[in-house]
Amino acid sequence: MKKYDPSKTEKKWQEAWKKAGIYNTPDQIEAKKNQYILTEFPYPSGNLHIGHWYAFSIPDIYVRWLRMQGRYNVLYPIGFDAFGLPAENAAIKYGKSPKAWTRSNVEYMTKQLETMGATFDWSRVIDTTDPKYYHWTQWLFLQLFKQGLVYRAKALANWCPSCKTILANEQVIQGHCDRCNTEVVQKEVEQWMFKITDFADDLIDELEYLDWPKPTKTAQENWIGRSRGAKIKFKVKDTDKEIEVFTTRPETIFGATYLVVAPEHRLLKQLESKIENKAEVQEYIDKTLAKTERDRISEAGVEKTGVRLEGLKVVNPLSNKEIPVWIADYVLGSYGTGAIMAVPGHDERDFEFATKFKLEIKSVIKSPTGELPYLGGGELENSGPYNDLSAGEAISEIIKILEKNNQGRATTIYRLRDWSISRQRYWGVPIPMVRCEACARLDPSGQGYQPIDEENLPVELPDLEDFKPSDDGQPPLARAGDWLKVKCPKCGGTAERETDTMDTFVDSSWYFLRYLDPQNDQRFAEENRIKNWLPVDLYIGGAEHNTMHLLYSRFITKALQTAGLLSFSEPFTRRLNHGIILGPDNQKMSKSRGNVIDPDEVVIEHGADAVRMFLAFMGPYAQGGPWSKTGINGISRFIKRVWTLAHTLSSQTNPVSLQTLHQTIRAVGEDIGELAFNTVVSELMKALNVFEEQGVAQSEFEKYLKLLAPLAPHLTEEIWQTVLGHKNSIHLENWPDYDPDIAKVNSIRLILQVNGRVRDSIPVAPGVSQIEAERIAQESEKLSPYLKDKKIIRVIFVPDKLINLVVG
RNA sequence: GCCGGGGUGGCGAAAUGGUAAACGCAGUUGACUUAAAAUCAACCGCCUAAUAGGCUUGCGGGUUCGAGUCCCGCCCCCGGUACCA
């Protein structure tokens with residue numbers, strides 16, 4: 001027997017499989033159901049890390065198992081999400097172009113990915129920086145534009161001073177840039193926006209139908225942040241102006257003892273002449289606006305500040321009571337209407353503020369303890385005609401009367417903001433718009449922006465010598481010379497191209513469509529293929545995409561459905577989040593900590609099969625966990641033992657091994673189906689222990705080998721073909737069936753309990769009757785001391801499990 | 001604060017309300033070897049008066065014949081989010 005050498009063997013089979021093209025997926029196979037298994041495509045950072053192995057080789061176990069079912073035509077594609085800032089930064093550092101840097105990384109990582117022995121369909125690989133791909137990213141932009149889902153807005157935007165670009169709200173993590181961690185500042189910029197808020201309700205409501213992890217659904221729901229309530233207008237006394245507030249508790253309106261507007265509220269300017277303490281107010285406004293949003297938040301909870309607007313009163317539309325108006329930074333200009341009716345009796349923040357500034361605090365909901373603020377529900381009090389109504393009744397009554405008098409209406413607001421997709425950077429998809437001065441003069445509202453004709457796509461990204469961002473926020477493409485000049489698609493005059501590029505999340509929001517038809521230059525994907533494959537059956541990825549990528553992809557899908565281009569509204573039927581592999585010290589892997597595990601080194605030492613199996617064995621896939629340098633030894637041993645066993649097969653069937661095999665077929669199939677890969681490995685180990693002890697015949701071992709094939713594709717192929725002499729790949733074999741009769745256990749241990757405590761266990765044949773079990777229990781010597789002089793009050797019998805004698 | 005997830009041997013972990021710690025790692029002892037590695041075998045939660053018994057799944061209660069698992073109240077760790085009206 002030769003020693004098993006993974007490095008040689010694995011390479012040999014990887015080349016053989018590639019040559020035979022056994023994983024290239026046909027569009028449709030008669031009598032087979034299509035299954036689309038997708039994993040989030042990687043960013044070509046330069047090197048594969050162990051997390052990539054976790055993300056791609058573990059789903060491959062499931063994919064290989066699905067393929068072996070024989071009923072499915074399985075698509076498992078791979079590609080690269082290759083636009084983005086790191087390429088620019090690296091290019092600056094190494095003096096290369098972003099394109100060259102990206103290309104060489106893609107090539108290198110492709111080689112590394114091949115060492116996994118995964119069943120990727122390499123004929124469908126995509127690269128978002130390829131003009132053949134981003135042609136359709138631009139086309140997608142134009143479809144949204146046609147639908148009115150794209151607009152330009154000059155608004156305060158999140159600006160990263162280090163990346164020198166705008167960020168979407170989703171890309172700001174606790175006030176910092178999600179890429180470089182620099183503190184984000186607010187800057188007024190003109191930007192292209194996608195109207196994701198148009199779909200806010202669908203994005204929440206349709207979560208219900210998805211087979212997704214609950215945390216992911218909750219995260220999306222919270223991110224969209226739907227609040228049902230009412231907008232209510234308060235008249236400003238002695239003026240024709242009104243201040244509109246948003247509240248989720250309109251039933252507390254009689255408890256509104258003052259009103260607060262945000263310091264950035266635009267009505268303040270219009271009411272300026274009425275304000276008596278102008279200087280003081282202006283000072284407060286200036287102070288607030290000078291703070292970054294982060295400062296304002298970090299001071300939260302410390303102490304509330306605010307200034308009363310002297311000379312201003314507003315009138316409560318229902319009680320007609322006149323109440324004072326304040327400005328305070330605890331009310332935000334960017335949420336709701338930027339103004340609130342303060343109900344200190346029933347809101348913690350209002351209560352704190354009212355206490356500090358000695359404002360009236362009034363109870364309008366009967367509190368069980370009488371303590372304020374009272375946040376719960378109940379019957380109304382001190383509320384004129386609404387007294388004694390329940391909160392629910394009061395809400396509808398109050399909204400009815402407000403609507404009748406045109407003083408308010410039921411409203412739902414969202415935390416979700418529209419998606420800003422403009423980036424002032426070079427390495428991204430050019431936005432397919434032009435700005436035409438002539439058209440701008442004719443129609444100033446449209447600012448002269450015209451979409452590029454679809455037949456003129458793609459707008460290729462020009463090669464730039466100097467692609468660095470400039471400090472003033474001018475995009476690098478503004479220096480692109482001739483590239484800028486273009487004929488206006490509308491009037492034919494001279495126009496200039498848009499110089500912003502798109503957020504890379506746009507690239508990745510539709511890539512699952514392109515895998516179906518990556519070479520098509522007539523359409524983003526051929527209609528039949530879409531019908532055959534979509535939606536994606538299982539989408540596997542990291543929890544960090546819970547509120548960004550997943551939300552954006554859902555939005556794009558809904559937008560394309562509205563345009564009649566897709567017939568479904570949710571892209572991913574089932575979602576699985578995988579965990580993160582930590583360093584051996586249980587910390588996130590990082591160069592500075594020196595705890596990074598290089599998968600290439602582990603593959604050289606133990607082989608790809610061992611890495612795959614060990615990652616599967618570590619624990620639940622959703623959990624991740626620390627990498628153990630010695631733990632993988634156990635898997636290497638297992639592989640060697642399987643190899644040895646393959647050379648020492650017994651000439652005849654052993655009944656114990658046969659039974660174990662059938663039990664293992666059942667267990668492994670069930671566990672892979674539930675994506676519980678860790679217990680799959682232990683089941684296979686248990687079976688191996690039995691086979692070694694009892695001996696196993698070739699026919700049984702071959703079935704066992706098929707169970708192992710999804711986890712250790714190279715080892716099993718080598719044994720299947722080289723050792724056992726089969727001519728075809730084991731990976732084209734069908735998954736073995738088990739015989740329930742053989743798998744059935746023929747002896748169980750009956751547990752004997754007295755008063756719920758285990759006192760003995762006796763091997764018996766399955767199906768033992770209660771009467772028989774009672775007799776066995778009575779006869780047990782170990783039980784007798786506990787039964788002596790006691791009366792049996794009750795007998796609990798769980799068939800084939802236990803008998804419990806309750807004595808007193 | 002709020003929303004999610006988690007807390008089981010030295011470590012990774014397993015366990016439809018039914019023998020807690022399966023399967024591994026690490027460790028100890030032994031066999032083989034001139035020796036080491038590899039391999040194989042045995043042991044491997046804690047306590048004790050030790051052929052046996054008791055205790056043990058973050059803490060405190062509860063439901064149940066029986067709780068790691070269900071319920072109530074806490075503590076700690078991780079992730080997300082935040083004066084969101």
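Numbers restart at 1 for each chain; the letters A, B, ... are given by sequence-line order, proteins then strands.
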Check every atom of B/G54, B/G4, B/A85 against the side chain of A/P215 and return the nucleotide holding the closest atom.
-> B/G4
Between A/R415 (CZ) and B/G80 (P), how many Å, whole number?
-> 14 Å
So, is A/N222 close to the B/G80 phosphate, meaning a side-chain N or O under 4.0 Å from OP1 or OP2?
-> no
Please collect all salt bridge (Lys or Arg N to Asp or Glu O under 4.0 Å) contacts where either partner lies in residues 760-773 of chain A, sequence neighbours excluded, each pair once.
-> A/E772-A/R775
A/N546 vs B/U81: side-chain N/O to OP1/OP2 distance below 4.0 Å = no
Whole angstrom is fine here: how far is it from CD in A/E264 over to C1' in B/C84?
-> 13 Å
With sequence neighbours left out, write down each residue that passes ring-ring contact (aromatic ring centres under 6.0 Å, His included) with A/F505, or none if nothing qualifies.
-> A/Y552
A/Q220 CD to B/G4 P, in whole Å, measures 16 Å
B/A41 versus B/A52 - spacing of their C1' atoms, nearest Å | 27 Å
Mind telling me if B/G9 is syn or anti? Syn here is a glycosidic angle within 90° of 0.
-> syn
Report the relative orientation of the aromatic rings in A/Y374 and A/H346; use parallel for angles under 30°, tilted for 30 to 60°, perpendicular for over 60°.
-> perpendicular
Parallel, tilted or perpendicular: rings of A/H545 and A/H549 (30°, 60°) = perpendicular
Give a yes/no on whether any side-chain N or O of A/R637 is located under 4.0 angstrom from OP1 or OP2 of B/G24.
-> no
Judged by modelled atom types alone, do A/T679 and A/D671 share a side-chain donor-acceptor pair under 3.5 Å?
-> yes
Pairwise C1' distance, B/A38 and B/U56 [rounded to whole Å] | 38 Å
Show me the protein contacts with nucleotides 14-22 of chain B, counting only N or O atoms at under 3.5 Å.
| from | atom 1 | to | atom 2 | distance (Å) |
| --- | --- | --- | --- | --- |
| B/A14 | OP1 | A/N678 | ND2 | 2.8 |
| B/G18 | N2 | A/Q753 | OE1 | 3.0 |
| B/A22 | O2' | A/K686 | NZ | 3.4 |

Ignoring backbone atoms, establish whether A/R349 has a side-chain N or O less than 4.0 Å from OP1 or OP2 of B/C84.
-> yes
Examine B/A85: is either OP1 or OP2 under 4.0 Å from a nitrogen or oxygen in the side chain of A/S227? Give yes or no.
-> yes
Within residues 574-585 of chain A, the residues having a heavy atom closer than 4.0 Å to RNA chain B are none
Residues forming a ring-ring contact (aromatic ring centres under 6.0 Å, His included) with A/Y4, sequence neighbours excluded | A/W643
Between the side chains of A/S57 and A/R612, does any donor sit under 3.5 Å from an acceptor?
-> no
Quantified in whole Å, what is the P atom distance between nucleotide B/G7 and nucleotide B/G12?
-> 12 Å
Indicate whether any N or O donor in one side chain lies under 3.5 Å from an N or O acceptor in the other, for A/R415 and A/Y335.
-> no
Using the C1' atoms only, state how far B/G79 lies from B/A14, rounded to an integer number of Å.
-> 25 Å
Pairwise P distance for B/U51 and B/C70, with rounding to whole Å | 39 Å
Closest approach of A/I196 to A/W419 (non-hydrogen atoms, all atoms of both residues) | CG2-N, 3.8 Å
The nucleotide from B/G12, B/C55, B/A85 with an atom nearest the side chain of A/R757 is B/C55
Which string of ( ) [ ] | and . matches RNA chain B, if you list each base 5' to 3' and count Watson-Crick or G-U pairs only when both distances are under 3.5 Å?
-> (((((((..(((.....[....))).(((((.......))))).((((...))))..(((((..]....))))))))))))....
Which whole number of Å gives the distance between the P atom of B/C55 and that of B/G68?
-> 13 Å
Between A/K640 and A/I635, name the one whose nearest nucleotide on RNA chain B is closer to the 5' end.
-> A/I635
Answer with yes or no whether the side chains of A/R759 and A/N804 bring together a donor and an acceptor at under 3.5 Å.
-> no
When rounded to whole Å, the CG to P distance for the pair A/N633 and B/C23 reads 19 Å
Would you mind classifying the nucleic acid contact of A/G631 as base, sugar-phosphate or nothing, using non-hydrogen atoms under 4.0 angstrom?
-> sugar-phosphate
With C1' as the reference atom in both, quote the distance from B/G10 to B/U33 in angstrom, rounded to an integer.
-> 31 Å
Atom CD1 in A/I597, atom CH2 in A/W53: separation rounded to 0.5 Å?
-> 14.0 Å
Round to a whole Å and report the spacing from CZ of A/F638 to C1' of B/G12.
-> 17 Å
Given atom CD1 of A/I793 and atom P of B/G66, what is their separation to the nearest angstrom?
-> 12 Å
Can the positive tip of A/R554 be found less than 6.0 Å from the middle of the six-membered ring of A/W212, inside 45° of the ring normal?
-> yes
So, is A/R759 near the phosphate of B/G54, with a side-chain N or O under 4.0 Å from OP1 or OP2?
-> yes
Could you tell me whether the side chains of A/Y414 and A/S227 share a donor-acceptor contact shorter than 3.5 Å?
-> no
Spacing between A/L375 atom CG and B/G1 atom C1', to the nearest angstrom | 12 Å
Taking the six-membered ring of A/Y330 (Phe, Tyr or Trp), confirm whether the NZ or CZ of A/K304 is under 6.0 Å from its centre and within 45° of its axis.
-> yes
Residue whose closest nucleotide on RNA chain B lies nearer the 5' end, A/F246 versus A/T630 | A/T630
Considering only atom C1', compute the distance from B/G5 to B/A26 and round it to an integer number of Å.
-> 29 Å
Take atom CZ of A/R226 and atom P of B/U81, then tell me their distance rounded to the nearest Å.
-> 21 Å
